[in-house]
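Step one of this worksheet: look at the structure below.
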Amino acid sequence: DPINPIYIGKLPSHSEPSFWGDVKTYKNYAYIVSEDSGQGMQVFELTQLGSIPPGSRLFETNHYNLFGNAHNIAINEDTGFAYVVGSNAGSNICNE
């Protein structure tokens, strides 16, 4: 309900809070990156949101730590490959 949103909870980051982060969804997952070093990419399974009580602390489903920071993330929905943009990691590619 966009008129009456419900705060489900917070997913803590792996680093200090950042002014810039990006989230993309693909299938039943959210992929989360941030410009803070040490963040990497958090993966969160969205199907669990229906059973979480409001105000909960959320826990990531997985964490990819072969890079520290990223400005954006893009996901090719045909292949399932995720690409981080503006990272310090070189050319790592993640796939589902």
Side-chain angles (χ1 to χ4, degrees):
D1 179 359
I3 303 300
N4 301 301
I6 299 171
Y7 174 75
I8 299 295
K10 179 177 176 149
L11 176 65
S13 69
H14 277 259
S15 61
E16 296 297 318
S18 174
F19 291 110
W20 184 263
D22 194 21
V23 178
K24 294 293 187 292
T25 59
Y26 175 69
K27 295 189 177 179
N28 291 323
Y29 295 90
Y31 299 86
I32 305 141
V33 297
S34 166
E35 284 199 343
D36 277 342
S37 63
Q39 170 65 18
M41 178 176 65
Q42 291 177 285
V43 181
F44 182 79
E45 185 178 1
L46 298 170
T47 59
Q48 63 183 312
L49 289 175
S51 61
I52 296 174
S56 294
R57 179 177 189 261
L58 305 179
F59 296 92
E60 65 197 15
T61 306
N62 207 340
H63 183 251
Y64 185 83
N65 63 1
L66 293 182
F67 65 91
N69 67 320
H71 183 74
N72 292 100
I73 181 169
I75 298 176
N76 180 326
E77 293 189 8
D78 293 331
T79 64
F81 283 93
Y83 302 89
V84 295
V85 180
S87 177
N88 59 357
S91 61
N92 292 322
I93 299 173
C94 318
N95 79 351
E96 176 183 33

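- Asn4 contributes atom CG, which lies 8.0 Å from atom CD1 of Ile6 (distance to the nearest 0.5 angstrom).
- Considering Asn28, Asn62, Leu49 in turn, Leu49 is the only one that fulfils the side-chain contact (heavy atoms from CB on, under 4.5 Å) rule with Phe44.
- Checked by atom type, the side-chain pair His71/Glu35 shows a donor-acceptor distance below 3.5 Å.
- Note on Leu66 and Val84: same hydrophobic cluster, where clusters join Ile, Leu, Val, Met, Phe, Trp and Tyr whose side-chain heavy atoms are under 4.5 Å apart, directly or indirectly.
- Note that CG of Asn65 is 11.5 Å distant from CD of Gln42, once rounded to the nearest 0.5 Å.
- By the 4.5 Å heavy-atom criterion applied to side chains, Gln39 and Asn69 are not counted as neighbours.
- Counted by atom type alone, Asn72 and Asp22 present one or more donor-acceptor pairs between their side chains at under 3.5 Å.
- Taking the six-membered ring for Trp and thresholds of 30 and 60 degrees, Tyr31 and Tyr26 have ring planes inclined between 30 and 60 degrees apart.
- Residue Lys24 holds its NZ atom at 12.5 Å from CE of Met41, rounded to the nearest 0.5 Å.
- Two residues are said to be in side-chain contact when any heavy atoms from C-beta on lie closer than 4.5 Å; Tyr83 and Ile75 fail this criterion.
- Tested against Ile73, the residues Val23, Ile32, Val33 include a single side-chain contact (heavy atoms from CB on, under 4.5 Å) partner, Val33.
- Between the side chain of Ser51 and the backbone N or O of Gln48, at least one donor-acceptor pair lies under 3.5 Å.
- The side-chain heavy atoms of Ser87 and Phe67, taken from C-beta on, include a pair separated by under 4.5 Å.
- Here the NZ-CD distance, from Lys27 to Glu77, works out to 10.0 Å after rounding to the nearest 0.5 Å.
- For the pair Leu46/Thr25, a side-chain contact is recorded, criterion being any heavy-atom separation below 4.5 Å from C-beta on.
- At a threshold of 4.5 Å between non-hydrogen side-chain atoms, the residues His14 and His63 count as touching.
- A donor-acceptor pair under 3.5 Å is formed between the side chain of Thr79 and the backbone N or O of Phe81.
- With Thr61 contributing its side chain and Glu45 its backbone, the two residues share a donor-acceptor pair below 3.5 Å.
- Listed by chain and number, the residues in a side chain to side chain donor-acceptor pair (under 3.5 Å) with Asp78 amount to none (sequence neighbours excluded).
- Here the side chain of Ser15 pairs no donor or acceptor atom with the backbone of Gly38 at under 3.5 angstrom.
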